[in-house]
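Everything below concerns the one structure shown next.
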Amino acid sequence: MAGEAGDQAQPAAGPVQETGEIFDVTRFGEYTQFTVVAPGVARAYQPGQFAAVAVGGVETSMLLRRSFALYGVKPGGEFAGTIQFVVAANGRGTEWLVQQKIGARLDLVGPLGVPFPLPRPGVPAVLVGGGYGSAPLIPLAEKLIAQGSEVEVIVGAATARRLFGDLQIKRLVGTVTVTTDDGSAGQRGWVTDPLPSAIERLGAEIVYACGPMGMLRAVGEVAQAHAIPAQVAVEESMACGIGVCMTCVLPVRGSDGVSRFVRSCVEGPIFDAGRIRWADVGKLPADLYGADGM
Amino acid sequence: MAGEAGDQAQPAAGPVQETGEIFDVTRFGEYTQFTVVAPGVARAYQPGQFAAVAVGGVETSMLLRRSFALYGVKPGGEFAGTIQFVVAANGRGTEWLVQQKIGARLDLVGPLGVPFPLPRPGVPAVLVGGGYGSAPLIPLAEKLIAQGSEVEVIVGAATARRLFGDLQIKRLVGTVTVTTDDGSAGQRGWVTDPLPSAIERLGAEIVYACGPMGMLRAVGEVAQAHAIPAQVAVEESMACGIGVCMTCVLPVRGSDGVSRFVRSCVEGPIFDAGRIRWADVGKLPADLYGADGM
Amino acid sequence: MTMDMTTSLASVELANPVLTASGCAAAGRELSQFFDVADLGGVVTKSIMLKPRSGRPTPRMAETPSGMLNSIGLQGPGIDSFIANDLSWLRQAGARTVVSIAGHNTDEFVSLAKRLYHQPVDVLEVNISCPNVESRGQVFACDPIASARVISAVRRATNPNVPIFAKLSPDVTDITQIARAVADAGADGISLINTLLGLDIDLDTMRPTLGGTTGGLSGPAIRPVALRCVWQVHQAVPQLPLLGMGGIRTGQDALQFILAGASAVSVGTAVFHDPTAPIRIIAELEAELARRGFRSVAEAVGFAHLSAEEQAAFLASRSPVAGVAS
Amino acid sequence: MTMDMTTSLASVELANPVLTASGCAAAGRELSQFFDVADLGGVVTKSIMLKPRSGRPTPRMAETPSGMLNSIGLQGPGIDSFIANDLSWLRQAGARTVVSIAGHNTDEFVSLAKRLYHQPVDVLEVNISCPNVESRGQVFACDPIASARVISAVRRATNPNVPIFAKLSPDVTDITQIARAVADAGADGISLINTLLGLDIDLDTMRPTLGGTTGGLSGPAIRPVALRCVWQVHQAVPQLPLLGMGGIRTGQDALQFILAGASAVSVGTAVFHDPTAPIRIIAELEAELARRGFRSVAEAVGFAHLSAEEQAAFLASRSPVAGVAS
Ligand SMILES: Cc1cc2nc3c(=O)[nH]c(=O)nc-3n(C[C@H](O)[C@H](O)[C@H](O)COP(=O)(O)OP(=O)(O)OC[C@H]3O[C@@H](n4cnc5c(N)ncnc54)[C@H](O)[C@@H]3O)c2cc1C
Ligand SMILES: Cc1cc2nc3c(=O)[nH]c(=O)nc-3n(C[C@H](O)[C@H](O)[C@H](O)COP(=O)(O)OP(=O)(O)OC[C@H]3O[C@@H](n4cnc5c(N)ncnc54)[C@H](O)[C@@H]3O)c2cc1C
Ligand SMILES: Cc1cc2nc3c(=O)[nH]c(=O)nc-3n(C[C@H](O)[C@H](O)[C@H](O)COP(=O)(O)O)c2cc1C
Ligand SMILES: Cc1cc2nc3c(=O)[nH]c(=O)nc-3n(C[C@H](O)[C@H](O)[C@H](O)COP(=O)(O)O)c2cc1C
Ligand code: FES
Ligand code: FES
């Protein structure tokens with residue numbers, strides 16, 4: 001799906017399973033950022049990909065890995081072979097994760113999923129992040145800037161403590177637009193409020209977004225209204241993360257016009273927002289491929 | 001059962017459930033000794049009692065507590081409210097436990113079970129410990145010495161690294177007899193080798209023992225040959241440790257001559273060795289009370 | 001706003017919906033070292049039989065992932081000793097008492113019911129998840145006819161003021177069929193679920209771990225199966241009160257059962273891990289109900305069966321803002 | 001001493017007894033990123049139906065204690081696409097291939113068997129743990145007659161050189177009855193177990209978590225139930241080869257199934273946690289067998305059913321000391 005938008009959209013190499021040592025743990029508001037030594041994951045990584053982390057230790061009752069978008073990946077150089085991800089403690093597994101300390105070991109599988117497809121060099125782009133969703137936009141912005149694109153970034157959250165990456169993005173891009181629902185940081189409102197003017201100001205030809213499903217849908221609509229594509233990183237419940245279980249599907253319209261349930265772990269997590277049938281997420285639309293076989 | 005041998009045989013107060021902080025962790029050979037701040041458990045403790053420790057953390061797959069005999073309990077004084085126990089890492093739960101560090105918190109229920117029944121003051125006694133089974137004999141020896149008994153202690157293990165408490169007992173009692181199966185410490189052989197002469201030398205009127213079931217049975221036989229009682233601390237698999245589940249039973253002959261399946265967690269773990277039907281452990285003898293109701 | 005935690009098992013009102021589970025709390029006495037058993041919704045006693053039972057040989061348990069197997073074999077003192085010692089203790093302790101009975105055949109169930117006729121019993125739980133000697137050892141609860149026969153005989157023999165709850169086994173092809181059969185036979189309610197039949201192999205001996213070869217699987221591992229049974233039975237016989245159990249460890253777990261259709265819940269294996277679990281769960285459940293805008297347990301019973309629209313309408317009427325506005 | 005890890009599923013010899021489980025490895029391709037699927041005992045493919053299937057709406061999974069619920073609903077491309085893409089990939093990858101088929105009715109099963117007649121299929125696994133539209137949606141494997149009908153029809157329609165394994169559901173009153181029925185109907189072996197029916201309630205929405213309301217429970221939580229089924233079926237039909245599965249995570253778990261009577265095992269949910277699990281388990285199993293004095297997998301199959309004396313006699317003949325002395 002996403003692959004259609006650019007030729008970098010296939011992962012460079014396959015995922016690996018490896019045990020990585022936690023090199024650093026840093027709190028940002030409500031989030032916890034992990035830096036982990038994981039050269040195998042780092043080697044093949046491209047922006048947009050994620051890792052699946054085992055939680056709970058050896059005798060845990062939690063069988064399923066938790067997925068996190070990667071950023072801050074250093075395949076070489078001083079911190080060679082490190083990856084970063086940021087965790088919001090929501091449930092059982094993430095509660096366990098945020099209690100892990102420097103030196104502890106994490107069992108990782110990654111990099112997983114397809115990367116953000118890149119536009120032709122020089123194409124201006126707006127990047128929109130909600131909550132911790134801004135994390136994977138950081139390496140994307142770097143890459144876009146490196147290939148000569150003009151970039152604007154909008155990050156938003158319910159409240160200041162749930163913003164992530166705004167300072168880092170500001171350093172990188174020179175400027176960042178911040179929105180919060182409660183006005184505790186930046187302008188009060190949603191990321192979609194400043195989005196149209198950013199697109200227009202920049203003459204953006206593509207929008208990238210990562211964040212909650214509702215936000216992705218809204219961003220997709222704004223992009224569509226401007227007749228430009230939005231590439232969005234979705235977050236569906238995933239049992240395996242590697243494409244073998246079929247739990248993570250979304251109803252996605254293909255280039256042949258046919259809608260299918262598509263695995264968001266291997267055919268995503270990056271999708272063209274215009275292809276996702278947002279209103280049918282969690283439903284089984286009658287025209288879906290194979291719905292008549294049920 | 002055990003209560004018949006002396007009047008201190010009822011616990012002074014009931015068990016409590018409390019969270020204790022690990023104050024110290026020390027390795028002894030293959031064992032790990034924990035000192036834990038647990039004033040509620042310490043308060044009511046008497047030698048022979050044990051605590052049941054939750055293992056694996058909040059989201060563990062291990063539902064059942066692990067039981068450990070207590071010693072080194074300081075209800076008052078400098079280390080007020082601490083308890084000690086020693087752990088042999090055998091399986092899943094104990095493997096987890098021995099990885100816990102100073103400052104970690106343990107969920108404890110204790111003190112559980114009946115204490116060692118004490119003889120009349122001044123009665124000479126031989127104490128026999130196998131492996132970590134010597135741990136609860138330390139406070140017992142202290143108590144016996146305090147009430148004027150002459151005490152000899154024999155500790156044994158398969159090999160030197162599986163001995164426990166020999167030095168502490170030597171300091172306390174002045175002397176200790178050590179046996180190992182492989183001769184790597186003390187005399188080569190079993191604890192029952194030096195036992196008859198110790199009983200005779202001391203004119204012992206009671207034997208106490210804690211260790212593997214086979215050893216307890218053998219000690220009981222030696223005691224019986226000398227026509228003196230042996231009070232032994234058994235180790236049966238326990239699901240609850242508090243008397244509600246009936247998993248921990250042993251076939252025990254009562255003072256009425258009738259044999260019953262008796263809960264080793266609340267009616268033990270201390271039993272008169274002569275009352276346990278050793279040959280029928282793991283069986284259902286036809287003359288057992290209620291066997292005809294099956 | 002105070003929460004109305006009362007609930008009822010058929011005609012019997014309970015102060016709250018959290019009980020112990022049969023076989024996991026003996027007759028309450030040991031737990032009273034940790035809390036006052038009168039504070040529970042009720043104590044469900046270990047299934048008692050007519051005569052004393054030794055139970056099965058050891059080993060009687062095996063720990064399994066998020067569960068355990070047991071093969072206790074209904075060790076117990078027999079009904080006379082139970083009445084003299086346990087029941088009298090429970091009465092004096094002021095506990096609501098659900099007495100669980102088990103028999104080898106229908107006559108034994110009837111005798112037990114008669115012995116208990118004038119005893120201080122609030123509810124009778126009829127454990128039909130045990131082997132029927134008259135039917136080559138097939139478990140009563142695996143056969144709708146045998147189940148119905150026991151229940152109707154017990155219903156006739158029991159004090160008519162005492163509701164009887166049939167306790168079902170999940171090890172059946174269609175639990176709603178058994179539920180309907182016992183409901184038609186006069187059960188005032190149903191307890192769901194007993195343990196699942198399981199086995200463990202000891203890798204040291206290379207033989208089955210349990211003295212009884214197979215055993216009953218309990219604990220959080222079975223919670224999804226238990227919830228499914230409660231859901232299905234509530235849907236099949238919506239008017240019938242259900243006592244739900246199977247892997248309940250927290251107030252959230254208890255709430256799942258209530259939303260699925262249970263009027264009250266039993267806490268079993270969790271007690272082994274945490275002797276104070278039943279009392280803790282009462283408080284946790286109260287908080288969970290309040291957080292969701294319920295004012296009583298009764299409002300939450302079966303709530304998950306409502307359509308999203310029905311749920312939304314109810315909750316809108318319950319939001320604090322709506323409350324103020326009205 | 002080298003260990004003979006070969007085993008067989010009826011007439012088909014496998015290099016080792018560790019396979020993937022249907023629905024937990026797709027058709028092997030994704031796992032080949034982590035290891036060579038030709039090193040497995042075999043790949044069991046996701047149950048394929050005649051026509052393309054969308055599967056059920058999301059959410060399709062819920063994590064439960066030591067387990068998970070899924071309601072995928074057999075999403076798949078249909079048999080033609082499967083043969084063209086997946087089967088040809090597996091052949092080219094050199095994997096032993098167990099193809100799992102599922103149908104709405106007996107005719108569909110037969111059509112699938114015919115389509116696969118000339119295809120590179122080593123074993124056919126007949127997933128009868130799915131609803132039978134001809135019988136008001138009752139699961140085939142819950143009814144011995146429906147089960148037997150499908151199996152005998154498939155047996156007749158399949159290439160006679162390809163063994164067929166019937167995959168049974170544990171959600172029945174008596175699994176040995178179903179096992180005997182399918183054995184009599186011509187099954188060359190039995191796969192045990194499919195998932196248990198379960199339910200989870202989402203405490204945010206206060207409705208069932210899964211799009212399909214109920215779902216299948218898998219993972220270590222169900223291992224004691226799976227072992228019990230393997231034990232019972234091996235006892236009931238000792239000559240029948242069994243492919244055991246349910247919660248296998250380690251070589252020790254696999255050994256439990258083999259000792260209970262399985263000739264080979266499938267690793268399902270564990271793959272989600274650890275994509276390299278099947279390969280790791282082969283090595284672990286080999287070490288566990290060697291540690292206990294076995295020289296081959298075959299010696300260990302059903303070993304837990306021997307009496308303690310028979311076991312001791314065998315192992316005495318196998319101890320290194322005895323070997324030297326003789
Ligand atoms: C591709 C991808 C990238 C992600 N990136 C990040 C990130 O960078 N930072 C971050 O904090 N979170 C991220 N998430 C969400 C994160 O995976 C979930 O918050 C986490 O799995 C929840 O686990 P838990 O233990 O807190 O919740 P539990 O309720 O214990 O989870 C139970 C099960 O449901 C799944 N689940 C629950 N919530 C979600 C969710 N929101 N999305 C997906 N699965 C869920 C869990 O993975 C687990 O299998 C990402 C998810 C995906 C799919
Ligand atoms: C009264 C009493 C006092 C004990 N004192 C000590 C002590 O001081 N130091 C010490 O190291 N050990 C002691 N034990 C034994 C200790 O409880 C077990 O070694 C431990 O439970 C094994 O747990 P695991 O996680 O290693 O094994 P696992 O195999 O994971 O245990 C599985 C289950 O079986 C039970 N179990 C396994 N082995 C034993 C055993 N030998 N005895 C009882 N239950 C068992 C476990 O409690 C658990 O419920 C005592 C046991 C009892 C009953
Ligand atoms: C050790 C043990 C003994 C049990 N004994 C009985 C019993 O005597 N009668 C009965 O009806 N159920 C008995 N049960 C089943 C429980 O009452 C309960 O139905 C089951 O364990 C599921 O709940 P849980 O997962 O909370 O334990 C027993 C369970 C266990 C673990
Ligand atoms: C996500 C998922 C999908 C499954 N799909 C199928 C299937 O298509 N056909 C089938 O026979 N079994 C299917 N199963 C059942 C497994 O093959 C296996 O029988 C069961 O999960 C128990 O093994 P486990 O505990 O190792 O997973 C599926 C299981 C899971 C978890
Ligand atoms: S999570 Fe398993 S296929 Fe996507
Ligand atoms: S361990 Fe439960 S009664 Fe003894």
Side-chain angles (χ1 to χ4, degrees), chain A residues 11 13-18 44 52-56 58-66 90-93 107 109-110 112 236-251 258-266 280-294, chain D residues 20-21 23-35 46 49-78 81 104 209-212 215 218-221 247 249 268-277 280:
Chain A
V16 298
Q17 179 170 8
E18 74 181 328
V53 183
V55 291
V58 182
E59 296 298 336
T60 180
S61 66
M62 298 182 287
L63 294 188
L64 304 177
R65 288 170 182 266
R66 276 34 179 186
N90 283 322
R92 294 181 299 268
D107 177 352
V109 175
L112 296 169
E236 257 299 323
S237 266
M238 294 179 178
C240 76
I242 59 169
V244 296
C245 76
M246 315 300 284
T247 62
C248 60
V249 299
L250 284 176
V258 179
S259 296
R260 297 178 182 80
F261 270 146
V262 158
R263 293 165 299 176
S264 59
C265 65
V266 288
D280 293 321
V281 173
K283 298 189 184 140
L284 175 49
D287 66 329
L288 208 74
Y289 187 70
D292 54 349
M294 293 301 293
Chain D
T20 60
C24 301
R29 205 186 300 230
E30 292 81 3
L31 290 186
S32 73
Q33 298 177 290
F34 297 93
F35 57 82
K46 167 124 195 111
M49 299 191 74
L50 263 188
K51 295 210 292 174
R53 297 249 311 175
S54 61
R56 295 222 185 85
T58 55
R60 289 179 169 186
M61 70 103 164
E63 193 184 50
T64 68
S66 295
M68 66 171 280
L69 288 165
N70 86 78
S71 68
I72 308 296
L74 296 182
Q75 175 166 352
S81 162
H104 290 112
T209 306
L210 297 175
S218 64
R249 231 181 8 163
T269 306
V271 168
F272 305 164
H273 186 264
D274 180 0
T276 55
R280 170 176 53 77

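- At a 4.5 Å heavy-atom cutoff, the contact between D:Arg56 and chain A is made by backbone and side-chain atoms alike.
- Contact count against chain A (heavy-atom pairs under 4.5 Å) is highest for D:Gly67 among D:Gly73, D:Gly67, D:Ala27.
- Between the side chain of D:Thr209 and the backbone N or O of D:Ala62 there is no donor-acceptor pair closer than 3.5 Å.
- A salt bridge links A:Arg92 with D:Glu63: the distance from a Lys NZ or Arg NE/NH1/NH2 to an Asp or Glu carboxylate oxygen falls below 4.0 Å.
- Scanning for side-chain hydrogen bond (donor to acceptor under 3.5 Å, both in side chains) contacts around D:Thr276 gives A:Gln17, D:Asp274, with sequence neighbours left out.
- If you tally non-hydrogen atom pairs under 4.5 Å between each of A:Val16, A:Thr60, A:Leu63 and chain D, the highest count goes to A:Leu63.
- Comparing D:Ala25, D:Gly219, D:Pro65 by heavy-atom pairs within less than 4.5 Å of chain A, the highest count is held by D:Ala25.
- Residues forming a side-chain hydrogen bond (donor to acceptor under 3.5 Å, both in side chains) with A:Arg65 (at least two apart in sequence, or on another chain): A:Asp107.
- By the 6.0 Å contact criterion, CZ on D:Phe34 is enclosed, its count of non-hydrogen atoms from other residues, nucleotides or ligands being greater than 12.
- Across D:Gln33, D:Gln75, D:Arg249, the residue that shares the most heavy-atom pairs under 4.5 angstrom with chain A is D:Gln75.
- For a residue to count as touching a neighbouring chain, one of its non-hydrogen atoms must lie under 4.5 Å from one of that chain's; by this rule A:Val109 touches chain D with the side chain only.
- Looking at A:Asp292, the atoms closer than 4.5 Å to chain D (heavy atoms on both sides) sit in the backbone and in the side chain alike.
- Side-chain atoms of D:Arg53 come within 3.5 Å of backbone atoms of A:Gly293 as a donor-acceptor pair (strictly under, hydrogens ignored).
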Verdict with reasoning, D:Arg60 to D:Leu210, per side chain to side chain contact (heavy atoms under 4.5 Å, CB included): CA-CA 5 Å; D:Arg60 289 179 169 186; D:Leu210 297 175; 5.6 Å; no
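- A 4.5 Å side-chain heavy-atom check between A:Leu64 and D:His273 finds every atom pair outside the cut-off.
- Looking only at heavy-atom pairs under 4.5 Å with chain A, the residue among D:Pro220, D:Gly55, D:Gly211 that has the most is D:Gly55.
- Looking only at heavy-atom pairs under 4.5 Å with chain A, the residue among D:Arg29, D:Glu30, D:Met68 that has the most is D:Glu30.
- For D:Thr269, the part lying near chain A is the side chain, with the backbone staying farther off; criterion is any non-hydrogen pair under 4.5 Å.
- Both the backbone and the side chain of D:Pro275 come within less than 4.5 Å of a heavy atom in chain A.
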